[in-house]
Visitor: 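Okay, handing you the structure first.
Numbers here simply count residues along the sequence, with the first being 1.
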Amino acid sequence: QLLDSALRPPAVEKVQRRRRRRVSYADGDRIGIDWLIREGASEVLVARIEEWDLAYAVGVRPGWGLLAVNDSMHELQSGGIQRRQVVESLLAPATLEFGRPMDFPEDLWQTQLKRMTAERQRSCIDW
């Protein structure tokens with residue numbers, strides 16, 4: 001009986017963990033991120049990020065979700081106009097928390113794939 005319970009799959013499905021990145025922008029820093037804010041979407045996504053942005057330096061890429069602004073998730077979870085206003089008015093100083101995507105939108109994936117392909121082609125040596 002003990003062996004049977006050890007071999008039985010868990011009743012509750014394991015929740016997928018997200019890789020997170022927390023970035024603190026100081027006064028005078030610039031935020032070089034274009035956001036994808038879709039009506040009805042569960043979160044705001046990074047659509048494009050400049051290579052000089054602090055978040056890029058720690059691994060944030062297009063498709064990552066914005067999880068919190070200054071340790072608050074409330075405004076981002078509210079959706080609608082309030083979410084859009086908060087995101088579009090982001091300026092340093094601010095602390096942003098990002099999460100690796102759980103579900104990658106097709107249009108962002110295609111853009112990312114094209115960018116990675118172009119980078120790879122530039123790095124290849126012609127013989």
Visitor: Work out which heavy atom in A26 is nearest to a heavy atom in A92; give both atom names and the distance.
Guide: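 Closest approach of A26 to A92, heavy atoms only: O-CB, 3.1 Å.
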
Visitor: Drop me the distance from E43's CD to L36's CG, to the nearest 0.5 angstrom.
Guide: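 Atom-to-atom, E43:CD and L36:CG are 10.5 Å apart.
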
Visitor: Check the hydrophobic clustering (I, L, V, M, F, W, Y; side-chain heavy atoms under 4.5 Å; chains of links allowed) and say if V44 and L67 are grouped together.
Guide: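 Each belongs to a different hydrophobic cluster.
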
Visitor: If I take atom CZ from residue R61 and atom OH from residue Y56, how far apart are they, to the nearest 0.5 angstrom?
Guide: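 Rounded to the nearest 0.5 Å, the CZ-OH separation comes to 4.0 Å.
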
Visitor: Kindly indicate whether the side chain of L91, heavy atoms from C-beta on, has any atom under 4.5 Å from the side chain of Y25.
Guide: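 Sidechains of Y25 and L91: no contact.
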
Visitor: Any chance you could measure H74, atom NE2, to Q82, atom CD, to the nearest 0.5 Å?
Guide: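 Taking NE2 in H74 and CD in Q82, the distance rounds to 5.5 Å.
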
Visitor: Check the pair L90, L66 against side chain to side chain contact (heavy atoms under 4.5 Å, CB included), reporting the backbone distance first and the verdict last.
Guide: CA-CA 12 Å; L90 281 175; L66 179 61; 4.2 Å; yes

Visitor: Can you name the nearest heavy-atom pair linking R100 to W64, along with the distance?
Guide: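 So the two residues come closest at N-CE3, 3.4 Å.
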
Visitor: Would R22 count as a cation-pi partner of F98, with NZ or CZ less than 6.0 Å from the six-membered ring centre and within 45° of the ring normal?
Guide: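 Checked: cation-pi criterion not met.
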
Visitor: Check for a donor-acceptor pair, side chain of R84 on one end and backbone N or O of I37 on the other, with a separation under 3.5 Å.
Guide: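 Flag set: sc R84 to bb I37 pair under 3.5 Å.
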
Visitor: What verdict does the side chain to side chain contact (heavy atoms under 4.5 Å, CB included) test give for V69 and E75, after you've listed the backbone C-alpha separation in whole Å, the side-chain angles of each residue and the deciding distance to 0.1 Å?
Guide: CA-CA 8 Å; V69 176; E75 292 86 3; 5.9 Å; no

Visitor: Indicate the atoms forming the closest heavy-atom contact of R38 with R83, along with that distance.
Guide: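 Heavy atoms of R38 and R83 come nearest at O-NH1, 4.3 Å.
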
Visitor: If you look at every heavy atom in N70 and A94, which pair is closest and at what distance?
Guide: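 Minimum heavy-atom separation between N70 and A94: OD1-CA, 3.3 Å.
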
Visitor: Do the side chains of I49 and V58 join up, straight or via other hydrophobic residues, at under 4.5 Å, putting them in one cluster?
Guide: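 Linked, I49 and V58 end up in one cluster.
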
Visitor: Please round to the nearest 0.5 Å and tell me the distance separating atom OG of S72 and atom CD of E97.
Guide: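 It comes to 11.5 Å.
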
Visitor: Going by the side-chain contact (heavy atoms from CB on, under 4.5 Å) test, name the single residue among I33, L96, V46 that passes it with V60.
Guide: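 One option only clears the test, and that one is V46.
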
Visitor: Can you name the nearest heavy-atom pair linking S24 to L54, along with the distance?
Guide: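 Looking at all heavy atoms of both residues, the shortest contact is O-CD1, 3.8 Å.
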
